[in-house]
Undergrad: 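Below: one structure in structure tokens.
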Amino acid sequence: MKLYTDFGNFQTLKVLSAVKIAGIAIEKTDVDHGAQVVPYLKKSRLPVLEVSPNKFLFSANSIVSYLFSSQQQQTLGDEEQQWLEWESVVLQPVALPYLTSALGHEKPEKDLLKSFPPLLQELDNGLRDRQYLVGEKPSAADVVLFGTVFPLLQDKLFNDILHQFPAVRTWINTIQSQKAVQEAINEVTRGTGAKAFKQSLLTQPVPSVPVSAVANVPVPISKKQTTNANNIPQFSASDVPEVEKVSAHEAEAAFTAWAADSKHFPCPLPRKHPILPVDGGRNILITSALPYVNNVPHLGNIIGCVLSADAFSRFCRLRNYNVLYICGTDEYGTATETKALEEGLTPQEICDKYNKLHTEIYQWFNIDFDYFGRTTTVQQTEIAQDIFWRLHERGFILSDSIEQLHCSHCDKFLADRYVEGTCPLCGFDDARGDQCDGCGRLINATELKNPRCKLCQKKPSPRVSQHLFLDLPQLEPQLKSHLDKVFSSGTWTTNSRTITSSWIRDGLKPRCISRDLKWGTPVPLEGYTDKVFYVWFDAPIGYLSITANYTDHWKKWWKNPEKVELYNFLGKDNVPFHSVIFPSCLLGADDNYTVVNHMVATEYLNYEDTKFSKSRGTGVFGDQAKDTGIPADIYRFYLLYVRPESQDSSFSWDDLLLKNNSELLNNLGNFINRALMFLSNNFGGVVQEMIIEDEDKQLLALINRELATYITNMDHGRLRDGIRNILTISRLGNQYMQSNKPWVHVKGSAEEKKRAGTVVSLSANVASLLSVLLIPYMPDTSATIQKQLNYPPDAIIISDTFLCRLPPGHALGKPSPLFQKIEASTIAELKTKFAGKPSPPNPATPSAKVQTPAVPNGPIPAGKGDAKSASDPAEVSRLTQEVSNQGNRVREMKAAKADKKDIETEVAKLLELKRILALAQGDDTSSSATGVSKKKGKKK
């Protein structure tokens, strides 16, 4: 194969990157700008790949597809094809004219810049929670999109916009750090930077799709403008129009529903405690994983269970489902004993202290439990022991011996957390009995070398202890039968199905349910009364005991599977205990228990590019959020917006600023405020007669589409998609106001003024719908909107269609702005405040001494571990990413005009990281340190 290209052709960057990644040998021939290579084309097209004599490919995207398909020996997947089409139809028609003006003519067309933010937002959304656009390594989509974005990076104005999109920036750094891509960049630019692209750009053909056609892309993601499971926008040329046409039948049906007699509108059911199941209604029992009482929940914990369940339960109430939402603190177990020792308190005092703290945190976040309890109760003991006896009587409890470490000085068997010693795998001398912080691997306490009791530092000795086991293999047939039924009828997230199925596939094994502890529910069986139930037998029973503390009629919820649907909200790490162990206990107890029907599990939420850590002060914890000055509703909105539904996601301060200032302030807040203010200023705050025209019916129909999708998404626990439906309705409202220009009509004839009254009164009704749909996400904001609308309480319900809840003559309250702009300087301060200490070095790795930079204070001494670090590709890759991340941090602080001393501190870290990277790559230590300091200090 032969590749023909001119110098500085950014399209060639795509091709050469693909060639080098795919490892395909080609013959490259340089030709003049504008050279005619393909004989049957009237105009020059470069680059060109001659696949075989006189058979040419002259579209860079087609060439990349061909090369990747050849390497993989299969066609590209749907996701790659969608992104390639998006780049060709949407991104490139905007990028190429701007590149030509900025790099070709050196006179950037600033008006074209306005087209980039929505496109970058789409790309940012697609990259959220992932390293690459498709899969676990660079794909054809990554190569093609990077090839178009890379020359834009040479322009300062574009970089100013790019600052707002953290996922895109991280992705750029990831792709650019690939050796194959670096080689391709060097080959295309030959070290001349932006100048390399000038002549080639001036000879590029203009894209066939006009810029004006895509200036308002992306189209809002809705039921009609679809995404795949990974949230990749499926664009085609037909997707360019902003609003899809509505059929006359659909428009008329929407109008008929809208104009119905309000006497027939549904009203919300009263919420009276205690809430009990009702005949003929949909009875939904919601639990969120019980948070451990011994720590403070961070934002990832909050979105992983209580906030997600809260949003769902609020939605269910708005749909008039009969709902009970139960949660509480999990208070028994080793973790509580350990925390009590650390703080010099009794376990009960620890539980009291942290239960109060959890309660206060969830109140601030507006988590609307029906009852929030705790597991250290009489009811917990009674119910747990009853379930145990029923399992024992039916032959589902086994007895077996376990070798454990026993401390003769403390006269007790030691739980894993009470043992420390040397890791048998990596030699780290401060490993715990359950896991080594040095290498991160799981271990058994009896495997530790030189073990010591954490309480007295004496050496424990192994002893045999008798314990009780749940006979899961015997219970497996019952469990599988139940799972087959609920998998087909219920809502189970992909991760909950996958994790559960893997446990079943591998075959269940007996599981220990007792522990040699004092703090827990006592085992009532003779010979085992000095033991307590293991927390993962005991803790899920807390759902039942907490309900029993809420109402004496708890069995109507928990022993009523024919009338009650049970939803579990939890993180993926808790899935097997809720989908395998707990259901097995309830099924085996054979007492008509309500067993899980639906399981909605999240992945993990990280903090920026690392993990939350209380010890290092990294990330926002629940008791700190209220001190940031950011309202609880903003946190709720953002956490649910980035909710890790299909894969891990990250809390990003930059992204929070962007979502607040764009989606909330400029989209949602702007629409509602200008509609209500216009109605207040021009019509005395009174809803006018609405003479509905065809365009208005179109709006009603489009809103009904979004409303139907919102209900479906929420019913299935797709809370993140529900937010997007709300924002799309708001965008439709903004577009409707903008196209109808009531501010013009109100100054015209009597008929034109009536039209203005119709437009703003219909818009006020759209705002009323949004106020209700927002309740699961932003309850305080919703209440504020409804106060400004003077919204009737008996209309706080989500109906199947958009109804006229604010009829002519309805008087509004006083409108005011809903959201405040978050300044970049505020975000910079919060980022610094919650950045925490650097991650601790890995003591088990010889190169760990250089993992976390502190202050650049000279070269790192050579040692026996240095050779390893200098030849470890994984270490080089990790350090390269850290350099990239730190460089971004410095740029962001400078853009936010952070304190000079803080910037200097972060610059020092960046320089040290670069020096360490040079060391890891095998460069001379001292010269690297000097060179980085003097030559690279200004390139951030």
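Side chains are part of it too, since the values below use all heavy atoms of this structure and drop only hydrogens, waters and symmetry mates.
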Undergrad: Answer with yes or no whether the side chains of Thr594 and Asn560 bring together a donor and an acceptor at under 3.5 Å.
TA: no
Undergrad: Give a yes or no on whether the backbone of Ala140 and the side-chain of Glu80 come within a donor-acceptor separation of less than 3.5 Å.
TA: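 It does hold such a pair.
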Undergrad: With the side chain counted from C-beta on, respond yes when Thr618 and Lys611 share a heavy-atom pair under 4.5 Å apart, and no when they do not.
TA: no
Undergrad: Hey, what do you get for CZ (Arg497) to CE (Met599), rounding to the nearest 0.5 Å?
TA: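 It is 11.5 Å, given to the nearest 0.5 Å.
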Undergrad: The criterion is salt bridge (charged side-chain N to carboxylate O under 4.0 Å, His left out); which residues satisfy it with Lys559, sequence neighbours excluded?
TA: Asp591
Undergrad: Without hydrogens or angle criteria, can the side chains of Asp142 and Ser139 be said to hold a donor-acceptor pair below 3.5 Å?
TA: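 Judged by distance alone, the side chains do pair up.
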Undergrad: Please tabulate, for side-chain N and O atoms in residues 307-315, each donor-acceptor pair with protein atoms closer than 3.5 Å (sequence neighbours left out).
TA:
residue	atom	partner	partner atom	Å
Ser308	OG	Ile303	O	2.6
Ser308	OG	Arg643	NE	2.7
Asp310	OD1	Arg314	NE	3.4
Asp310	OD1	Asp368	N	2.7
Asp310	OD2	Arg314	NE	3.0
Asp310	OD2	Arg636	NH1	2.9
Asp310	OD2	Arg636	NH2	2.8
Ser313	OG	Ala309	O	3.2
Ser313	OG	Asp310	O	2.9
Arg314	NH2	Asn366	O	2.8

Undergrad: Return yes if some donor-acceptor pair links the side-chain N/O of Thr728 with the main-chain N/O of Arg724 below 3.5 Å, else return no.
TA: yes
Undergrad: Please check if any side-chain donor atom of Asn495 sits under 3.5 Å from a side-chain acceptor atom of Thr493, or the reverse.
TA: yes
Undergrad: Does Ser649 use its side chain to pair, donor to acceptor, with the backbone of Val642 at less than 3.5 Å?
TA: yes
Undergrad: For residues Phe146 and Ile172, determine if any side-chain heavy atom of one lies less than 4.5 Å from a side-chain heavy atom of the other.
TA: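 Phe146 vs Ile172: side chains touch.
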Undergrad: Take a 6.0 Å sphere around NZ of Lys614 and say whether it holds more than 12 heavy atoms from other residues, nucleotides or ligands.
TA: yes
Undergrad: Looking only at side chains, do Asp633 and Thr781 share a donor and an acceptor under 3.5 Å apart?
TA: yes
Undergrad: Between Val306, Ile546, Ile326, which is the residue that forms a side chain to side chain contact (heavy atoms under 4.5 Å, CB included) with Phe369?
TA: Val306
Undergrad: Do side-chain atoms of Asn597 reach the backbone of Leu566 as a donor and acceptor pair under 3.5 angstrom?
TA: yes
Undergrad: Go through Thr375 and Thr329 one step at a time and tell me if the side chain to side chain contact (heavy atoms under 4.5 Å, CB included) criterion holds.
TA: CA-CA 7 Å; Thr375 57; Thr329 43; over 6 Å; no
Undergrad: Where the side chain of Ser177 meets the backbone of Thr174, is there a donor-acceptor pair that is under 3.5 Å apart?
TA: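 Answer holds: yes.
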Undergrad: May I ask you to decide if His716's main-chain N or O and His598's side chain share a donor-acceptor pair within less than 3.5 Å?
TA: no
Undergrad: Less than 4.5 Å apart, any side-chain heavy atom of Trp86 and any of Leu119?
TA: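 They are in side-chain contact.
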Undergrad: Rounded to the nearest 0.5 Å, how far does CE of Met714 lie from CG of Leu773?
TA: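 It comes to 9.0 Å.
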Undergrad: Rounded to the nearest 0.5 Å, what separates atom CZ in Arg705 from atom CD1 in Ile703?
TA: 12.0 Å
Undergrad: Quick one, Leu391 and Phe537 - any side-chain contact, counting heavy atoms below 4.5 Å?
TA: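 A side-chain contact exists here, since the closest heavy-atom pair is under 4.5 Å.
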Undergrad: Can you tell me how the ring of His578 sits relative to the ring of Tyr543, calling it parallel under 30°, perpendicular over 60° and tilted otherwise?
TA: tilted
Undergrad: Can you confirm if the aromatic rings of Tyr607 and Phe612 lie within a centre distance of less than 6.0 Å?
TA: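 They qualify: ring centres under 6.0 Å apart.
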Undergrad: Can you find a pair of side-chain heavy atoms, one from Ile504 and one from Leu479, that are under 4.5 Å apart?
TA: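 Contact flag for Ile504/Leu479 side chains = yes.
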Undergrad: Going from OG1 on Thr602 to CG on Asp573, what distance comes out if it is rounded to the nearest 0.5 angstrom?
TA: 8.0 Å
Undergrad: Hey, does Val596 have a side-chain heavy atom less than 4.5 Å from the side chain of Trp492?
TA: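 Side-chain contact under 4.5 Å: yes.
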Undergrad: Verify whether one side chain among Asp655 and Tyr638 offers a donor that lies under 3.5 Å from an acceptor in the other.
TA: yes
Undergrad: Please step through side chain to side chain contact (heavy atoms under 4.5 Å, CB included) for the pair Leu324 and Thr547, ending with a clear verdict.
TA: CA-CA 9 Å; Leu324 180 67; Thr547 310; 4.1 Å; yes
Undergrad: Taking the six-membered ring of Phe637 as reference, does the cationic atom of Lys659 (NZ for Lys, CZ for Arg) lie under 6.0 Å from its centre and within 45° of its axis?
TA: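 Not satisfied by the 6.0 Å and 45° rule.
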Undergrad: Mind telling me whether Tyr635 and Phe651 have parallel, tilted or perpendicular rings, with 30° and 60° as the class edges?
TA: parallel
Undergrad: Would you say the ring centers of Tyr641 and Tyr777 fall short of 6.0 Å from each other?
TA: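 No, too far apart.
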Undergrad: Distance-only, no hydrogens or angles: does the Ser782 side chain make a donor-acceptor pair with backbone N or O of Leu774 under 3.5 Å?
TA: no
Undergrad: Ignoring hydrogens and geometry beyond distance, is a side-chain donor-acceptor pair present between Asn725 and Thr709 at under 3.5 Å?
TA: no
Undergrad: Does a salt bridge link Glu645 with Arg718, judged by any charged N lying under 4.0 Å from a carboxylate O?
TA: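 So Glu645 does not pair with Arg718 through a salt bridge.
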Undergrad: Under a 4.0 Å N-O cut-off, is there an ion pair linking Lys572 with Asp648?
TA: yes
Undergrad: Any ion pair linking Lys509 and Glu476 (charged N to carboxylate O, less than 4.0 Å)?
TA: no
Undergrad: Could you check if a side-chain atom of Tyr593 sits within less than 4.5 angstrom of a side-chain atom of Leu544, using non-hydrogen atoms only?
TA: yes
Undergrad: Quick check against the 3.5 Å criterion: does Asn283 have a side-chain atom that pairs as donor or acceptor with the backbone of Lys563?
TA: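 Here the side-chain-to-backbone pair exists.
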Undergrad: Has Ser502 got a side-chain atom pairing as donor or acceptor with Ile499's backbone, closer than 3.5 angstrom?
TA: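 Side chain of Ser502 to backbone of Ile499: a pair is present.
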Undergrad: Counting only N and O atoms by type, is there a donor-acceptor contact under 3.5 Å from the side chain of Trp83 to the main-chain atoms of Val144?
TA: no
Undergrad: Under 4.5 Å between any side-chain heavy atoms of Leu570 and Cys305, yes or no?
TA: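 Side chain of Leu570 against side chain of Cys305, heavy atoms only: no contact under 4.5 Å found.
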Undergrad: Check Ile302, Asn301, Val296 against His298 for a side chain to side chain contact (heavy atoms under 4.5 Å, CB included) and give me the one that passes.
TA: Asn301
Undergrad: Check the pair Val143, Phe68 against side chain to side chain contact (heavy atoms under 4.5 Å, CB included), reporting the backbone distance first and the verdict last.
TA: CA-CA 10 Å; Val143 165; Phe68 270 87; 3.9 Å; yes
